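Notes for the one structure printed next.
The basis for the numbers below is simple: all heavy atoms, side chains too, and nothing from hydrogens, waters or symmetry mates. The model shown is predicted, which means the values in this text are computed figures rather than measured ones.
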Amino acid sequence: MTTRSPEPVLAEVSFPTLGTTAVLLVTEPRALPAAETLLRAELAAVDRTCSRFRADSELTRVNRAAGTATTVSEGFAEALYVALRAARLTGGAVDPTVGHAMVALGYDRTFASLRPDDVRPLPPHRPVPGWRRIAFDPDTRRLRVPPHTHLDLGATAKALAADRAARGAAAATGCGVLVSLGGDLATAGPAPEDGWRIALADDHARPAADHGPTVAINGCALATSGVRVRTWRRAGRTLHHIIDPATGEPAAPVWRTVTVAAATCVDANTASTAAVVLGERALDWLRGTALPARLVGVDGHVVRLGGWPPDSDAPAPGGPR
């Protein structure tokens, strides 16, 4: 008679970072300290490189130099390459030149520092400058941002950090690793026997109740983008942080949340963010990617694409194409 191997005991740690919460799980408790050290180092690096709220970050330096050529670090070059790739794959729905639009809407400081109800009038909205105007040579790392243009790499840099941290921790420890940064979740190494079980919710900080939908992933990543959590009031309007580059305003509220599975967290985040921006057009666009996706409308109706399973404890489809 054969016996089933016992399920590994998962070890977990969580802590605040980058304006959200980092959650780290490993399949070997002994590996947790080393994996946490690697994760914290990765997060510190992305903060120094890509934060638009730090006066000493590289992103701040690049934005101040808009209109002139500058040489960027390898870390910044990777983050920018990922952001430009996301813009190209989404036809500009995810665009790194939304920096000025973010500031104009009032998101000019860390989210925790935003005024609860800003009465200042909103300035006239206009399309963002557009990613195609960025001149970047990845070989020499020479970059020229157009004058009066500010970059915001937040849509993809956090997902890149999750991917890098999960891969690095799995390689260093030899065990399975899950890294979650807000709605961005990456895995690497051997997963638990039944996969990594994930509860879906509008707000990662307030998980769904026991009866809420869950999925299990194995060998892939998951990202959720939504318009209900990072919101603030300005001039009597409720605003959110996902900007439509075509208008410079928050994307029209068609989808409350969009969750996408992909091979990497960067790709999942790119697709989920683009879907929020695209609104009704997101359905055809996501079908073209063949990625499993779950979209929740503002009225609560759910659309599942790409083989996403019914809302139950059934596992999600295997690694997406």
Side-chain angles (χ1 to χ4, degrees), residues 20 82-98 101-102 127-128 131 152-160 162-163 180-186 198 200-204 213 215 217 220-231 239-311 316-317 319-321:
T20 186
V82 165
L84 293 175
R85 174 179 175 271
R88 174 174 54 82
L89 292 176
T90 63
V94 181
D95 191 309
T97 66
V98 296
M102 286 283 202
V128 306
W131 65 279
D152 182 343
L153 305 181
T156 48
K158 183 157 60 73
L160 175 62
D163 280 330
S180 174
L181 303 177
D184 296 330
L185 188 153
I198 311 299
L200 304 180
D202 286 356
D203 186 353
H204 74 278
V215 292
I217 61 173
C220 65
L222 207 66
T224 297
S225 299
V227 301
R228 289 289 184 88
V229 178
R230 285 185 178 262
T231 64
L239 308 174
H240 64 80
H241 71 296
I242 300 180
I243 303 300
D244 182 348
T247 64
E249 288 206 305
V254 174
W255 306 111
R256 193 170 75 199
T257 58
V258 179
T259 303
V260 178
T264 67
C265 192
V266 165
D267 284 352
N269 174 277
T270 296
S272 64
T273 304
V276 171
V277 172
L278 292 171
E280 294 290 353
R281 294 174 293 154
L283 300 180
D284 286 341
W285 184 82
L286 282 169
R287 289 187 183 103
T289 70
L291 295 172
R294 179 181 184 271
L295 302 90
V296 182
V298 292
D299 61 356
H301 79 282
V302 178
V303 178
R304 303 173 190 85
L305 303 173
W308 190 281
D311 285 351
R321 292 173 293 192

So, using salt bridge (Lys or Arg N to Asp or Glu O under 4.0 Å) as the criterion, who are the partners of D152 when residues are at least two apart? R52
With T90 via side-chain contact (heavy atoms from CB on, under 4.5 Å) - residues at least two apart: A93, V94, T270, A274, W285
Restricting to salt bridge (Lys or Arg N to Asp or Glu O under 4.0 Å), what partner residues turn up for D184, sequence neighbours left out? K158
Please report the closest heavy-atom contact between A282 and A275, naming both atoms and the distance. CB-O, 3.4 Å
Do you know the tightest heavy-atom contact between A101 and V128? CB-CG1, 4.2 Å
Taking the side chain as every heavy atom from C-beta outward, state whether I217 and L185 have any pair of such atoms under 4.5 Å apart. yes
Contacts of V82 that satisfy side-chain contact (heavy atoms from CB on, under 4.5 Å) - sequence neighbours left out: T156, L160, V266
Listed once per pair and sorted, the salt bridge (Lys or Arg N to Asp or Glu O under 4.0 Å) pairs that draw on residues 257-282, sequence neighbours left out: R85-D267
Could you check if a side-chain atom of N269 sits within less than 4.5 angstrom of a side-chain atom of T224, using non-hydrogen atoms only? no
Identify the residue among T273, I242, L295 that makes a side chain to side chain contact (heavy atoms under 4.5 Å, CB included) with V258. L295
Out of curiosity, S180 OG to I198 CD1, how far, rounded to the nearest 0.5 Å? 7.5 Å
Can you pull out every salt bridge (Lys or Arg N to Asp or Glu O under 4.0 Å) where at least one residue sits in residues 285-294? Sequence neighbours excluded, please. D284-R287, R294-D311
Determine, step by step, whether I243 and M102 satisfy the side-chain contact (heavy atoms from CB on, under 4.5 Å) criterion, reporting the C-alpha distance in whole Å, the side-chain angles of both residues, the deciding distance to 0.1 Å, and the verdict. CA-CA 8 Å; I243 303 300; M102 286 283 202; 3.9 Å; yes
Could you check V303 against W308 for side-chain contact (heavy atoms from CB on, under 4.5 Å), going step by step and ending with a plain yes or no? CA-CA 9 Å; V303 178; W308 190 281; over 6 Å; no
Which residues pass the side-chain contact (heavy atoms from CB on, under 4.5 Å) test with A186, sequence neighbours left out? A162, D163, A166, C265
Can you find a pair of side-chain heavy atoms, one from P96 and one from L84, that are under 4.5 Å apart? yes
Within a strict 4.5 Å, meaning less than it, do heavy atoms of the V277 and P245 side chains meet? yes
Okay, side chain of W255, backbone of G226: is any donor-acceptor separation there less than 3.5 Å? no
For A271 against L291, the heavy-atom pair lying closest together: CB-CD1, 4.0 Å
With a 4.5 Å heavy-atom cut-off, do L283 and L305 have their side chains touching? yes
